Amino acid sequence: MLLSLSDIIYIIFLIIIILVFIKYCFPKYKIHNLVICIALVVWILFVNVNPYSLDNDNKYSILSHINPKYLPKNMGILTRDYVFTEPIVIKPTICSRCSKQVKIIQTKEDLNNYFSQNEDIKEMMYQTFVPYKNEVGILYERNIINNKGKIISIIKRDPRYIDIAQSCDPYDNKCVDSENLITQKLSSVICSIADSIPNFNAGRFDA
């Protein structure tokens, strides 16, 4: 199987890290060398849980790998000539991990205001807004040793009281631990979606 450009870049990056690790950690064990080694280990184990990919921060690119039956019926890259016909959710394509600038657009006026207030965003995407009673955040993790993934937790939010871009407060009863919703069927679907995304080992699915 041929390696993708992102895979090649990631392999080269790992080789550099290993060489740097060997150079600074062996044979001398000076304090500053050990600090660099520990920082590298922390980065590999905790920060870089999803290996480097050219599009792993681009939400729209990530969605392109997922089976369309699990995606909103209407989605795409947003442009100023977009014809507004129904409520949509707008977000930057580049993932901020903070839900910044995510907005529900109900009217054409809302859309125009969003454009004028977010001129610094290079690229935006839109999705059909589905007014479900609740929103859930599904935390997924894959064991990179046996390559098996599973749902770690489910948090249910009530969007009637929580803004779409607002994080859950663990002490707020509007965000409820809902592990009872984890079923074999749900786990199978989430694992199937996760398997379709290149270099994806951990993350949150919002539904």
Side-chain angles (χ1 to χ4, degrees), residues 1-2 4-7 49-51 53-79 81-99 101-106 110-111 114 123-144 146-160 162-165 167-168 175-207:
M1 181 177 65
L2 296 177
S4 66
L5 177 58
S6 61
D7 290 331
V49 65
N50 294 323
S53 172
L54 293 178
D55 62 359
N56 66 353
D57 278 341
N58 189 299
K59 296 176 182 178
Y60 194 72
S61 295
I62 291 173
L63 291 174
S64 69
H65 297 288
I66 299 175
N67 190 319
K69 70 179 181 180
Y70 299 125
L71 299 175
K73 64 178 181 179
N74 184 24
M75 58 177 287
I77 297 298
L78 185 69
T79 60
D81 59 357
Y82 173 78
V83 179
F84 186 87
T85 58
E86 62 180 344
I88 56 176
V89 176
I90 295 180
K91 62 187 76 174
T93 56
I94 300 302
C95 180
S96 66
R97 297 182 176 87
C98 302
S99 296
Q101 296 165 313
V102 178
K103 187 73 174 178
I104 298 175
I105 302 298
Q106 301 279 4
D110 290 341
L111 182 61
Y114 186 90
E123 186 178 61
M124 293 175 279
M125 63 173 289
Y126 66 88
Q127 296 175 316
T128 301
F129 171 63
V130 183
Y132 288 135
K133 179 181 178 181
N134 294 108
E135 175 187 346
V136 295
I138 303 173
L139 181 60
Y140 166 90
E141 287 184 5
R142 184 201 311 275
N143 185 321
I144 60 175
N146 60 23
N147 203 37
K148 292 183 178 181
K150 65 178 181 179
I151 297 174
I152 299 301
S153 69
I154 294 183
I155 297 296
K156 184 168 65 176
R157 311 191 322 169
D158 190 331
R160 293 176 299 175
I162 302 176
D163 185 85
I164 190 171
S167 299
C168 268
C175 291
V176 182
D177 185 350
S178 303
E179 290 192 14
N180 61 299
L181 298 177
I182 301 176
T183 63
Q184 185 60 44
K185 181 178 180 180
L186 177 62
S187 296
S188 178
V189 170
I190 294 300
C191 288
S192 173
I193 294 173
D195 288 342
S196 68
I197 304 173
N199 302 317
F200 182 76
N201 293 319
R204 190 187 74 194
F205 294 88
D206 292 321

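Computed from a predicted model, the values in this text were never measured in an experiment.
Between Tyr82 and Tyr126, the angle of the ring planes lies from 30° to 60°, which puts this pair in the tilted group.
The distance from atom CZ of Arg204 to atom CD1 of Ile154, rounded to the nearest 0.5 Å, is 13.0 Å. Of the inter-residue distances, the one linking Ile190 atom CD1 with Thr183 atom OG1 reads 9.5 Å to the nearest 0.5 angstrom. Atom CD1 of Ile104 and atom NZ of Lys91 lie 10.5 Å apart (nearest 0.5 Å). Between the NZ atom in Lys148 and the SG atom in Cys191 there is a gap of 11.0 Å [rounded to 0.5 Å]. In this structure, CG in Asp195 is found 7.0 Å from CG in Asn147, a value given to the nearest 0.5 Å. Here CD1 of Ile94 is found 7.5 Å from OG of Ser61. Values are rounded to the nearest 0.5 Å.
Taking a 6.0 Å sphere around CD of Glu86, one finds it holds more than 12 heavy atoms contributed by other residues, nucleotides or ligands.
Contact detail for Gly149 and Tyr140: the closest heavy-atom pair is CA-OH, 3.5 Å. Nearest heavy-atom pair across Ile66 and Ser196 is CA-OG, 4.0 Å. Here the shortest heavy-atom pairing between Gln127 and Pro72 reads NE2-CG, 3.8 Å. Heavy-atom minimum distance, Ser187 versus Ile182: OG-CG2, 3.7 Å. Contact record, Met124 with Thr93: C-CG2, 3.9 Å, taken as the closest heavy-atom pair. Contact detail for Ile90 and Ile105: the closest heavy-atom pair is CD1-CG1, 3.4 Å.
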Begin with the C-alpha distance, continue with both residues' side-chain angles, and end with the deciding distance and a verdict on side chain to side chain contact (heavy atoms under 4.5 Å, CB included) for Asn143 and Lys150. CA-CA 9 Å; Asn143 185 321; Lys150 65 178 181 179; over 6 Å; no

Which is it for Ile88 and Thr128 under the side chain to side chain contact (heavy atoms under 4.5 Å, CB included) test, yes or no, and what are the steps along the way? CA-CA 5 Å; Ile88 56 176; Thr128 301; 5.6 Å; no

Yes or no on side chain to side chain contact (heavy atoms under 4.5 Å, CB included) for Leu181 and Ile138, after CA distance, side-chain angles and deciding distance? CA-CA 10 Å; Leu181 298 177; Ile138 303 173; over 6 Å; no

For a side chain to side chain contact (heavy atoms under 4.5 Å, CB included) check, start with the C-alpha distance between Gln184 and Leu186, then their side-chain angles and the critical distance, and finish with the verdict. CA-CA 6 Å; Gln184 185 60 44; Leu186 177 62; over 6 Å; no

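In this structure, Ser188 contributes its side chain and Lys185 its backbone to no donor-acceptor pair below 3.5 Å.
Side-chain contact check for Asp206 versus Val136: every heavy-atom pair is 4.5 Å or farther apart.
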